[in-house]
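Structure, as structure tokens:
Counting convention: from 1, in listed order, for ligands and their atoms alike. Along the sequence shown, residues are numbered consecutively beginning with 1. These values consider heavy atoms only, across backbone and side chains, with no hydrogens, waters or symmetry-generated copies.
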Amino acid sequence: MKKHVVLYKSLSPALRERLGEHAEITEITQLGGDGLARLRDALPHAHGLLGASLRLDAALLDLAPRLEAVASVSVGVDNYDLAYLDRRAILLSNTPDVLTETTADTGFALILGTARRVVELASMVRAGEWTRNVGPAQFGSDVHGKTLGIIGMGRIGEALAQRGHFGFGMPVIYHSRNPKPAVDARFNARHASLEQLLAEADFVCMTLPLTAATERMIGAREFALMKPSAIFVNIARGKVVDEAALIAALQSGQLHAAGLDVFEKEPLAADSPLLRLDNVVATPHIGSATVETREAMARCAVDNLIEALAGRRPANLVNPQAWAARGR
Ligand code: NAP
């Protein structure tokens, strides 16, 4: 008999068909409205879950006594309680690598968008307010040749360094738990303490996971260490920053500008002070949101889930402890 999978993210017809060859599917396309109630109703039968952007806490997962595997359509796994999953030997998988380049592209879009004031000035044109040539009040700042500071030199950090070094001639400085000699050699990059990076970088880019150690890693003290001309870019998770401190630094001019794809609470409230600041470019968590990459992520998640439900170790297993707990 086929196992039962609950989807809380839509799949393309081809991927749905592929998953359907291995499992019975209950699909909940929208978590709004009665979606969450429908998910709760489906959980008692679920052997597998596939989706993203939903906090799967103990209260929800306690409703799923048969659950064997969760396939997240994301690389970040901050929506999952790993200790809980380990305790119940539920395998969690994610979708690294396939989204790396696209997310780095988003990072660079925010770097260029903020430095060259693309959104602000394009809005001026659209509003019919381009009545004479721009002057110093509208000038942006250069990107090429400026120092790129990367906090979290992992897959996405490296892809950002590649763009900065080879594409824009930017000196690269980074902070991560460990120095990366291969990165240093490839991009002529330099590992530094957080404080050193904040003091030197023209662009401070967040590309690390949200964990207990990184939550609110950047706050008032850190903004005070940055250059007044610095631009802050966050493509990691909103909660790695103290958002109130970020707003204060932007309002006071202590920080020049910010490009933000992620926020403390998403969707960002329409009355957020961030949206009243011309020196902010805000995007709706689109790091990996291209047609090609979202399909590749979904394919990766489907493959992970099929493997896990067949009793095999999925390629992108996040919690090896759960695998070990199954006596494998
Ligand atoms: P990754 O390859 O695991 O890289 C993470 C990096 O963060 C590693 O270099 C790691 O350092 C560093 N790090 C972890 N904890 C740290 C700490 N306490 N202090 C300093 N550095 C720390 O992950 P990735 O694939 O690049 O993805 C990174 C994150 O980006 C994801 O977790 C996700 O939250 C976010 N993301 C966002 C979007 C979006 O839509 N905006 C899309 C994709 C990913 P070491 O190597 O030295 O351990």
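Between T283 and D261, the side chains place a donor N or O and an acceptor N or O closer than 3.5 Å (distance only, hydrogens not considered).
Geometrically, ligand 1 and G154 share a nitrogen or oxygen pair separated by less than 3.5 Å. Note: no N/O pair closer than 3.5 Å links V262 and ligand 1 by distance alone. Residue-to-ligand polar distances place H285 within reach of ligand 1: an N/O pair is separated by less than 3.5 Å. Residue-to-ligand polar distances place I235 within reach of ligand 1: an N/O pair is separated by less than 3.5 Å.
Taking the side-chain hydrogen bond (donor to acceptor under 3.5 Å, both in side chains) definition, one finds that H165 meets it with nothing, sequence neighbours left out.
Scanning all protein heavy atoms for the shortest distance to atom 31 (C) of ligand 1 gives V75 CG1, 3.8 Å. When hydrogens are left out, the protein atom nearest atom 28 (C) of ligand 1 is T207 O, 3.6 Å; that is the closest non-hydrogen contact. When only non-hydrogen protein atoms are considered, atom 35 (C) of ligand 1 lies nearest to A236 O, 3.7 Å. N178 N, 2.8 Å is the protein heavy atom nearest to atom 47 (O) of ligand 1. The nearest heavy-atom contact from the protein to atom 5 (C) of ligand 1 is P209 CD, 3.6 Å. Nearest protein neighbour of atom 30 (O) of ligand 1, counting heavy atoms only, is I156 CD1, 3.8 Å. Looking at atom 18 (N) of ligand 1, its nearest protein heavy atom turns out to be T214 CG2, 3.5 Å. Scanning all protein heavy atoms for the shortest distance to atom 3 (O) of ligand 1 gives R155 NH2, 3.5 Å.
Closest to atom 21 (N) of ligand 1 by heavy atom, among S176, S74, P284, is S176. When R177, R237, H191 are ranked by how near their heavy atoms come to atom 13 (N) of ligand 1, first place goes to R177. Considering only non-hydrogen atoms, atom 22 (C) of ligand 1 lies nearest to L208 out of L208, T283, D261, I151. Of the candidates E158, K180, M153, the one placing a heavy atom closest to atom 46 (O) of ligand 1 is K180.
Side chain of N304 to main chain of A71: no donor-acceptor pair is present (N/O by atom type, distance under 3.5 Å, no hydrogens or angles). Side chain of Q321 to backbone of D86: no donor-acceptor contact under 3.5 angstrom is found. A donor-acceptor distance shorter than 3.5 angstrom exists from the side chain of R326 to the backbone of A89, with no hydrogens or angles considered. Checked by atom type and distance alone, the side chain of H175 never pairs as donor or acceptor with a backbone atom of I151 at under 3.5 Å. Between the side chain of Y174 and the main chain of K180, a donor-acceptor pair closer than 3.5 Å is present. With S123 contributing its side chain and V119 its backbone, the two residues share a donor-acceptor pair below 3.5 Å.
Close approach of ligand 1 to G76 (heavy-atom distance below 4.0 Å) involves ligand atoms 32 (O), 33 (C), 34 (O). Numbered from 1 in the order shown, with element, the atoms of ligand 1 that lie under 4.0 Å from a heavy atom of T103 read 38 (C), 42 (C), 43 (C). Close approach of ligand 1 to G152 is summarised as follows: ligand atoms under 4.0 Å from at least one heavy atom of the residue are 6 (C), 7 (O), 9 (O), 12 (C).
No more than 12 heavy atoms of other residues, nucleotides or ligands shown are found within 6.0 angstrom of CZ on R116.
Both M217 and F263 sit in one connected hydrophobic cluster of ILVMFWY residues. Membership requires side-chain heavy atoms under 4.5 Å apart, directly or through other members.
Among residue pairs with one or both ends in residues 44-70, those qualifying as salt bridge (Lys or Arg N to Asp or Glu O under 4.0 Å) are K3-E68; sequence neighbours excluded.
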### Step-by-step side-chain contact (heavy atoms from CB on, under 4.5 Å) determination, C300 to N316
CA-CA 9 Å; C300 179; N316 307 112; 3.2 Å; yes
